Structures are given as C-alpha cells and as structure tokens.
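Report on the following structure.
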Number of protein chains: 2
Amino acid sequence: MQLDMNYSKQRELILYEIKKSKCHPTAFEIYNELKPGNPALSLGTVYRNLKLLSTENKIIKLATPSGPDRFDGNTDEHYHYYCISCSKVCDADDIKASDISKIFNNPKQKIVGYELNILCICEECNKNNIDVSNYK
Amino acid sequence: MQLDMNYSKQRELILYEIKKSKCHPTAFEIYNELKPGNPALSLGTVYRNLKLLSTENKIIKLATPSGPDRFDGNTDEHYHYYCISCSKVCDADDIKASDISKIFNNPKQKIVGYELNILCICEECNKNNIDVSNYK
DNA sequence: TACTAAAACAGTAATTATTACTGATTAAAA
DNA sequence: TTTTAATCAGTAATAATTACTGTTTTAGTA
Ligand SMILES: [Mn+2]
Ligand SMILES: [Mn+2]
Ligand SMILES: [Zn+2]
Ligand SMILES: [Zn+2]
C-alpha cells in the first residue's frame with residue numbers, strides 16, 4: 001500500500017486498518033482494533049493521521065446524522081445508507097455522482113462533490129420490527 | 001406560533017429565533033442571539049429545547065461536514081449547499097425528494113429520508129478566487 | 001554509514017460540543 | 001387553590017477532538 005506521503009509505521013497501520021474495514025469505523029474503533037497488537041499506539045496519533053490521510057485524499061471523513069465522525073477507505077465518490085435505528089453505515093453502491101448532478105438546474109455555486117446519507121431502517125432492524133415512530 | 005407541546009417562554013423564544021433565521025444557526029449562535037434580550041437564558045436550555053423541538057419535528061437538526069450541529073426552522077424536506085471554504089449552509093430549494101428517489105433501484109432498506117449536502121464553493125468565495133486545492 | 005533537520009510519536013493537557021444533575025421556579029392538571 | 005409535572009438556571013460531567021512537549025523515528029545529504 002503506497003502512502004505518497006511521509007512514512008511511519010503507525011500511519012501505515014491506520015491506513016491499512018481503514019482500507020480493510022467495511023464498516024466505516026470511528027477514530028476510537030480504529031484505535032481499539034489496533035491497540036492490542038500495538039500497545040504503544042496513542043489515540044492522538046490515530047486522530048492526527050486520520051486528519052492527514054483525509055486531507056491527502058487517501059481516505060474520506062464521513063459526517064453522520066449523529067455520533068462521532070466515521071472514516072472510509074473507499075475514496076471513490078459514493079454515498080451511504082444510515083440506519084436511524086442502529087446507526088449502521090452501508091455503501092450505496094448503485095448511486096452515481098452523475099445521477100445526482102442530473103437533478104440540478106444551473107446552480108450558482110461551483111459544485112465539488114456530494115454527501116448523501118440515505119436515512120433508512122436497515123434490513124436487520126426491519127426484520128426485528130423496530131418501532132420507528134420515536135425517530136427522525 | 002403553535003408549539004403543540006408544553007409551553008415555556010424560553011422554548012417559544014428559541015423556536016421563534018430558528019424560524020426567523022435563514023442561516024442554519026448552531027446552538028451557540030442561537031444562545032448568543034437571544035442572550036442580550038434574555039439575560040437569564042442558559043445554554044443548557046438552548047440545547048435541551050433544540051433536542052426536544054427536533055424530536056417533535058418542529059425543527060431539523062443538520063449534521064455538516066465539519067463543525068457543530070446546525071438547526072433549520074424549515075421542516076419541509078430539502079437539501080443544502082455547504083461551502084467547503086467558508087462553511088456557509090444554503091438551501092437547495094430546487095431539488096426534491098422525488099428527484100432523489102428516482103435514482104434508486106429497489107433498495108433493501110426502508111428509506112425514511114435523505115440528507116444531501118452539496119459540497120461547493122459558494123458564489124461569494126468563488127468571486128474572491130479562493131484557492132481550493134487544499135480542501136476536500 | 002554518520003550527521004542533521006524535519007516529521008511523527010506517546011503521553012498529557014486543553015478545548016469544544018453536548019448531556020446530565022440539582023434544587024428552585026413555572027406551567028398544567030385536578 | 002392545591003398538587004403534580006415540566007422546565008429552568010447553574011453547574012458538573014462526558015464525549016470528541018485538537019494542541020502541547022519532550023523524545024524518537026524518518027528522510028535527506030555528505
Ligand atoms: Mn463507504
Ligand atoms: Mn435549510
Ligand atoms: Zn439498523
Ligand atoms: Zn463560501
């Protein structure tokens with residue numbers, strides 16, 4: 001895995017962990033995953049590298065409707081399902097930026113990207129008949 | 001302005017302030033706006049009421065790509081431009097939920113809404129020729 | 001390889017955003 | 001009215017994130 005930026009053992013570890021993960025982990029989740037095998041790792045290092053990696057476009061920072069920021073190793077522009085019941089974040093692989101841009105008519109702003117969270121009840125929560133009247 | 005929930009002077013003030021505002025203020029901005037005319041108002045009361053008002057669907061809580069939550073007195077489903085240079089949030093009035101729903105094919109999840117932030121350089125920042133290579 | 005400078009580290013402190021607690025006040029219900 | 005429940009202000013606590021500091025690691029160069 002190429003960093004294209006200054007190397008450190010920790011930076012490589014953190015990037016590898018995010019790339020491997022499919023569940024859009026938080027900084028703290030990444031830290032907890034790596035800590036057992038790397039006891040000297042500090043949470044500050046995780047935060048610092050997540051910020052650096054995202055400004056270098058190696059990863060994407062996701063703001064979700066509630067809770068801490070999440071991180072995504074898939075840097076292709078794509079969008080997310082967000083379950084309002086269990087807060088799970090899943091990729092919406094079938095929606096493309098070109099589809100979204102189609103719904104505009106001549107915005108005055110210069111558009112540089114989209115963040116789309118599709119609020120939903122995920123399959124699993126739906127099976128469990130979650131009462132959803134309290135949410136939103 | 002009807003509350004349809006327990007009344008308090010502070011609750012009414014806060015709701016009125018959000019409804020009046022066009023700029024999607026943060027809790028702290030609302031507090032600062034109201035404090036001079038209401039010296040006894042506490043920030044905790046602002047947070048508590050913002051949470052209550054949004055669970056009662058009187059207002060909407062907005063998560064933005066960075067910074068604290070913002071609040072919106074317009075509860076019609078609508079979407080936002082978010083300037084990556086100055087963090088300004090503007091309504092995207094021309095995009096409808098039905099337009100967004102069109103771009104799906106049979107999601108497994110039960111969709112309950114969308115949060116779309118259109119990342120952009122706003123008109124004003126664009127005029128000022130903001131260098132944008134450092135962003136995103 | 002050895003030297004130097006820059007970057008990154010761990011550990012900790014500080015800051016920001018938000019929520020929880022407590023005893024006093026206000027609103028709603030009886 | 002009297003009673004009960006909700007809300008308040010003020011404060012403390014928690015969660016998320018960033019900043020600081022002295023040490024270690026990496027990178028550039030002789
Ligand atoms: Mn993703
Ligand atoms: Mn709005
Ligand atoms: Zn779920
Ligand atoms: Zn701007």
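Just so it is clear, the model here is predicted, and its values are computed rather than measured. Residue numbers start from 1 in every chain, and the chains themselves are labelled A, B, ... in the order their sequence lines are given, proteins ahead of strands.
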May I ask you to say whether A:E77 pairs ionically with A:K96, meaning some side-chain N is under 4.0 Å from a carboxylate O? no
Give a yes/no answer on whether the side chain of A:Y47 brings an N or O atom under 4.0 Å of OP1 or OP2 in D:dT17. yes
Going by distance alone, is a donor N or O of one side chain under 3.5 Å from an acceptor N or O of the other, for B:S101 and B:S98? no
Does A:E29 pair with A:R70 as a salt bridge, N-O distance under 4.0 Å? yes
Considering just the side-chain nitrogens and oxygens of A:Q10, establish if one lies under 4.0 Å of OP1 or OP2 belonging to D:dT25. no
Please classify the nucleic acid contact of B:K9 as base, sugar-phosphate, or nothing, using heavy-atom distances under 4.0 Å. nothing
Can you check whether A:K51 has a side-chain N or O nearer than 4.0 Å to OP1 or OP2 of D:dT17? no
If you assign A:Y7 and B:P68 each to the DNA chain C nucleotide with the nearest heavy atom, which residue ends up on the more 5' nucleotide? A:Y7
Give, for atom OG1 of A:T64 and atom CD1 of A:I84, the distance between the pair rounded to the nearest 0.5 Å. 13.5 Å
Range on DNA chain C touched by chain B, heavy atoms, distance below 4.0 Å: C:dA17 to C:dA28
Pair B:D72, B:H24: side-chain N/O donor-acceptor within cut-off below 3.5 Å: yes
If only side-chain N and O atoms of A:N6 are considered, is one of them under 4.0 Å from the OP1 or OP2 phosphate oxygen of D:dT25? no
The correct set of residues in residues 25-46 of chain B placing a heavy atom under 4.0 Å from DNA chain C is none
Assess, by modelled atom type and distance only, whether the side chains of B:H78 and B:D91 contain a donor and an acceptor separated by less than 3.5 Å. yes
Rounded to whole Å, how long is the line connecting atom CE of A:M5 with atom C1' of D:dT26? 13 Å
Flag yes if A:Y114 and A:L62 sit in one hydrophobic cluster, no otherwise; membership is Ile, Leu, Val, Met, Phe, Trp, Tyr, and two members link when side-chain heavy atoms are under 4.5 Å apart. no
Is there a side-chain contact between B:R11 and the phosphate of D:dT7, meaning an N or O under 4.0 Å from OP1 or OP2? yes
Would A:E124 and A:K88 pass as an ion pair if we require N to O under 4.0 Å? yes
Salt bridge or not between B:E17 and B:K20? Use side-chain N to carboxylate O under 4.0 Å. yes
Protein-nucleotide distance (A:E12, atom CD; D:dT25, atom C1'), rounded to Å: 14 Å
Quick one: A:R70 CZ to D:dT17 C1', roughly how many Å, whole number? 16 Å
Rounded distance in Å - CZ (A:R48) to C1' (D:dT21): 12 Å
